[in-house]
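Before any comments, here is the structure.
Letters A, B, ... are given to chains in the order of the sequence lines, protein chains preceding strands, and every chain is numbered from 1. Everything numeric in this text was worked out from a predicted model, so none of it was measured.
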Protein chains: 2
Amino acid sequence: MATGKEKAVKKEVSCPVEATLRAIGGRWKVLILHHLLGGTKRFGELTRALKGVSARTLTKQLRELEACGVIHRKVYPQIPPMVEYSLTAVGKQLEPVLMAMHDWGEKHG
Amino acid sequence: MATGKEKAVKKEVSCPVEATLRAIGGRWKVLILHHLLGGTKRFGELTRALKGVSARTLTKQLRELEACGVIHRKVYPQIPPMVEYSLTAVGKQLEPVLMAMHDWGEKHG
DNA sequence: CAGGATCCGTACTGATACTG
DNA sequence: CAGTATCAGTACGGATCCTG
């Protein structure tokens with residue numbers, strides 16, 4: 001399943017580290033976060049920046065990040081529609097995590 | 001699939017952050033790492049420490065961490081068998097990542 | 001433009017039973 | 001004790017078509 005109807009079970013999370021992993025553990029989430037660290041982006045910009053992602057998947061990952069309070073979604077009610085995504089204050093605090101992961105991944109991985 | 005015969009496809013990884021996520025992104029991996037930061041553990045100890053994990057899943061996650069060079073598996077050829085898991089030097093360098101994730105998860109998540 | 005709807009293959013993980 | 005084999009459910013993510 002993957003249509004939005006799937007139950008959000010997600011098991012219990014006790015450890016804070018687990019919680020963080022659940023927040024950023026998606027296929028594209030760290031990339032999305034990385035791009036948003038560079039500033040506000042539109043949906044189309046993200047689609048192009050993350051070469052290979054489908055609109056459905058990108059939408060879903062963005063919605064999940066939004067649900068975690070990590071990013072903000074701003075809709076401009078116009079035709080054609082325009083939607084901007086940006087990091088919230090909480091999301092910006094993920095930068096140290098991303099940095100630490102970047103450092104490790106560069107040396108190893 | 002989940003028997004060890006599954007192909008390790010895993011898509012391409014360009015960004016170092018992605019690489020790190022792939023290494024520690026499993027359901028139990030950060031917990032395993034966290035426990036191993038406290039020192040060498042046997043299989044049974046990990047099974048009990050990670051309440052709820054099945055032997056099959058734990059084995060698989062340990063093997064993946066081993067394949068990444070993050071942990072070391074030491075087998076004592078005896079009856080009954082004894083296997084010890086410990087962090088490698090590379091694995092220990094993941095500590096800053098775990099710490100950053102812990103800090104964020106504590107405040108949010 | 002930014003998605004929603006639908007269909008689908010694959011990966012991840014658990015449960016259970018069995019073994020050297 | 002430390003797994004392995006098998007069965008099975010669920011989640012994840014892609015492809016394609018459609019729409020306000």
Has the side chain of A/R56 got a donor or acceptor atom sitting under 3.5 Å from an opposite partner on the base of D/dG14?
yes
A/T59 side chain N/O closer than 4.0 Å to the phosphate oxygens (OP1, OP2) of C/dG3?
no
Over how many whole Å does the gap from B/K51 atom NZ to C/dA15 atom P extend?
12 Å
Categorize B/E45 for me: base, sugar-phosphate, or nothing, with a 4.0 angstrom heavy-atom threshold over every strand shown.
nothing
Write down the distance between CG (A/L46) and P (C/dC1), rounded to a whole number of angstrom.
14 Å
Distance in angstrom units between B/K41 NZ and D/dA2 C1', rounded:
18 Å
Are A/W28 and A/V83 in one and the same hydrophobic cluster, where Ile, Leu, Val, Met, Phe, Trp and Tyr link if side-chain heavy atoms are under 4.5 Å apart?
yes
With the side chain of B/S54 defined as its heavy atoms from C-beta on, choose the nearest nucleotide among D/dA2, C/dA15, D/dG14.
C/dA15
Would you mind reading off the distance between B/K60 atom NZ and D/dT6 atom C1', rounded to a whole angstrom?
15 Å
Can you tell me how far CG of A/L65 sits from CD1 of A/I71, rounded to the nearest 0.5 angstrom?
4.5 Å
Give a yes or no on whether the backbone of A/T40 and the side-chain of A/S86 come within a donor-acceptor separation of less than 3.5 Å.
no
Is there a path of hydrophobic side-chain contacts, each under 4.5 Å between heavy atoms of I, L, V, M, F, W or Y residues, that connects B/L31 with B/M99?
no
Residues B/K29 and B/E64 bridged, charged N to O under 4.0 Å:
yes
Rounded to whole Å, the CD-C1' distance (A/E64 to D/dG13) equals 11 Å
Answer yes or no: does a side-chain N or O of A/R42 lie under 4.0 Å from OP1 or OP2 of C/dA2?
yes
Using heavy atoms and a sub-4.0 Å distance, could you list which residues of residues 71-85 of chain B are near DNA chain D? By number, please.
B/R73, B/P80, B/P81, B/M82, B/V83, B/Y85
If I take atom CG in residue B/L58 and atom P in nucleotide D/dA2, what distance separates them, rounded to the nearest angstrom?
10 Å
Apply the test side chain to side chain donor-acceptor pair (under 3.5 Å) to residues B/H72 and B/E66: give CA-CA distance (whole Å), side-chain angles for both, the deciding distance (0.1 Å), then the verdict.
CA-CA 6 Å; B/H72 177 245; B/E66 190 189 2; over 6 Å; no
How long is the line joining CZ of A/R27 and P of C/dC12, in whole Å?
12 Å
Think B/R63 has a side-chain N or O under 4.0 angstrom from the OP1 or OP2 of D/dT4?
yes
Between A/R27 and B/E18 (salt bridge meaning N to carboxylate O under 4.0 Å), is one present in this structure?
yes
Separation of C/dA11 atom P from B/K29 atom NZ, nearest Å, is 14 Å
